[in-house]
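Worksheet: one structure, shown below.
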Amino acid sequence: MSSPIRPVGPAWTWAPLAPALVRRLGYPLGLLPTAADRLWRVRTEWVTIVPMSLVSKAGSVGFGLPGSSSAPFADRVRTAVGRYGPLVFGLDPSGDLLTGWSLPDTPDGLERFVDIVLDASVGAVGVVKPQAAFYERHGWRGIRSLARLVESCRGAGLLVLLDAKRGDIGSTSQAYAEAYLGPDAGIPVDAITVTPYLGFAAMQPILDRAVASDAGVFVVTRSSNAEGRALQSARHADTVTVEQHLVANIAAENNRLAPGRVGPIGSVFGPTHGPPTDFDLRAMNGLFLAPGVGAQGATPATVAACFADCPDRVLASASRSLLAVGPDPSRLRHSAQTLAAHLRDALRT
Ligand SMILES: O=C(O)c1cc(=O)[nH]c(=O)n1[C@@H]1O[C@H](COP(=O)(O)O)[C@@H](O)[C@H]1O
């Protein structure tokens, strides 16, 4: 719906303040998350204009506005893990999943999925991981749903790790960074996944922008699938494998950017191939995203065995195995919380 109201200059912006406040204030007041999100939808029909100064002020006092990251990414993760356990809830609305939930495999079905997973996730998990492709396949409306999911989660205080697996030459990496990292990004998130196979240095614009905006980047190093092994375990002439080379590059970058602390560059490191024998994972000085729990066979025990040297730096993710119990939000919530508790026990975090 077009509106007669227009932004009147740089001091004003279209801002998501109202839904963030509704959620921040609504949940403690006992409003159902779904009710708060209905209000959010009403806002898509309205126009919300607020002064920029008010937006920055709200961010600085911790209203959790998207992009208002007030601490380094690794610190925000530590807080989330301390509260909810080391689980990342993968939000992957495949066509099969939507159909299995008796939803149409359409943009409308995807919107309903977003409502349900918001209801299930807020207050239950600390980190969610939507996979961009499952939203992109619905065109611009799917991307709008992804934006709503991300904004709603961050407004409610969850961390959003967007599984985008982007990676390109430097100038294009810059554009990917502008799409997802920093308060003025198209869809600002807390962290993204990247594929490094155009060269570690080609990702520099993404790393720089992540650092500047207290966001995180997870570099695919050892993927969970079998097909990745041939490439990732291939050896350089100097006998270092591709994945060792990547871990060494991440370590160097983290040590430069955050000496003595856990740095902003993480590694996607699948626990599905058994404990690594030729890595010093702790020396990477970063976080690990461990995908493949559940549907791909990893368990809390295999995650713990893989990261025995750095159990406090692991985020383990599961998508299909958790979503399979839906669409009832309370069953989804229970299944995520149960897995989070098992992971916490196994990793003793
Ligand atoms: O980056 C990822 O999240 C990821 C890396 C990887 O090595 N393997 C992997 O399965 N994933 C993602 O994890 C999700 C699959 O998780 P499951 O449904 O739990 O098996 C998908 O979104 C994958 O893209």
Side-chain angles (χ1 to χ4, degrees), residues 77 86-101 110 113-114 117 120-121 125 127-138 142 146 149-150 159-167 176 180 189-197 203 206 210 215-233 242-243 246-247 250 265-274 276 279 281 286-300 302-303 306-307 314-326 332 335-336 338-340 342-343:
V77 168
L87 173 72
V88 176
F89 190 0
L91 304 179
D92 293 1
S94 65
D96 284 350
L97 192 274
L98 293 178
T99 310
W101 283 15
L110 182 63
F113 170 88
V114 167
V117 295
S121 305
V125 298
V127 190
V128 293
K129 181 176 73 73
Q131 217 302 333
F134 293 107
Y135 301 81
E136 290 167 3
R137 62 189 282 274
H138 291 285
L146 174 64
L149 172 66
V150 168
L159 296 179
V160 178
L161 195 181
L162 183 67
D163 184 10
K165 295 212 182 63
R166 300 304 200 249
Y176 280 136
Y180 298 116
V189 299
D190 294 283
I192 57 170
T193 57
V194 292
T195 50
Y197 302 111
M203 298 187 301
I206 296 179
V217 176
F218 286 87
V219 179
V220 175
T221 306
R222 171 178 284 204
S223 61
S224 62
N225 61 333
E227 299 89 334
R229 297 310 306 137
L231 173 64
Q232 293 152 15
S233 65
V242 171
E243 53 194 10
L246 290 170
V247 166
I250 297 170
I265 322 292
S267 160
V268 177
F269 203 97
T272 40
H273 309 294
F279 287 95
L281 294 183
L287 296 168
F288 292 93
L289 172 65
V293 177
Q296 297 180 56
T299 64
T302 50
V303 173
C306 184
F307 300 99
V314 183
L315 286 168
S317 78
S319 308
R320 286 167 291 183
S321 56
L322 293 180
L323 295 172
V325 307
L332 286 163
S335 125
T338 303
L339 179 56
H342 289 154
L343 286 164

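Order of appearance sets the numbers: ligands from 1, and atoms from 1 within every ligand.
- Near Ala318, meaning under 4.0 Å from any of its heavy atoms, are these atoms of ligand 1: 19 (O).
- The ligand atoms of ligand 1 that sit less than 4.0 angstrom from a heavy atom of Ser223 are 7 (O).
- Less than 4.0 angstrom separates some heavy atom of Val293 from each of these atoms of ligand 1: 19 (O).
- For ligand 1, the atoms sitting less than 4.0 Å from at least one non-hydrogen atom of Arg320 are 17 (P), 18 (O), 19 (O), 20 (O), numbered in the order shown with element in parentheses.
- Between Arg222 and ligand 1, a contact under 3.5 Å exists for no N or O pair.
- Near Gln296, meaning under 4.0 Å from one of its heavy atoms, ligand 1 places the atoms 9 (C), 10 (O), 15 (C), 16 (O), 17 (P), 20 (O).
- For the pair Ser321 and ligand 1, the shortest N or O to N or O distance does not fall below 3.5 Å.
- Each of the atoms 14 (C), 21 (C), 22 (O) of ligand 1 lies under 4.0 Å from some heavy atom of Asp92.
- At a cut-off of 3.5 Å, with distance as the only test, a side-chain donor of Ser224 or Gln296 sits close to an acceptor on the other residue.
- An N or O contact shorter than 3.5 Å is missing between Ser317 and ligand 1 by distance.
- The protein atom (non-hydrogen) at minimum distance from atom 5 (C) of ligand 1 is Pro291 CG, 3.4 Å.
- Remark: Phe134 engages no residue in a ring-ring contact (aromatic ring centres under 6.0 Å, His included) (not counting sequence neighbours).
- When non-hydrogen atoms are compared, ligand 1 lies under 4.0 Å from the side chain of Gln131 (C-beta onward) but not from its backbone.
- Each of the atoms 2 (C), 3 (O), 12 (C), 13 (O), 14 (C), 22 (O) of ligand 1 lies under 4.0 Å from some heavy atom of Lys129.
- Ligand-side atoms of ligand 1 in range of Ala295: 20 (O), range being under 4.0 angstrom from any heavy atom.
- Note that the NE2 atom of His273 and the CZ atom of Arg229 stand 5.0 Å from one another [nearest 0.5 Å].
- The line from OG of Ser319 to CG of Asp163 is 8.0 Å long, rounded to the nearest 0.5 Å.
- If you look at Ser224 next to ligand 1, the close heavy atoms, those under 4.0 Å, come from the backbone and the side chain alike.
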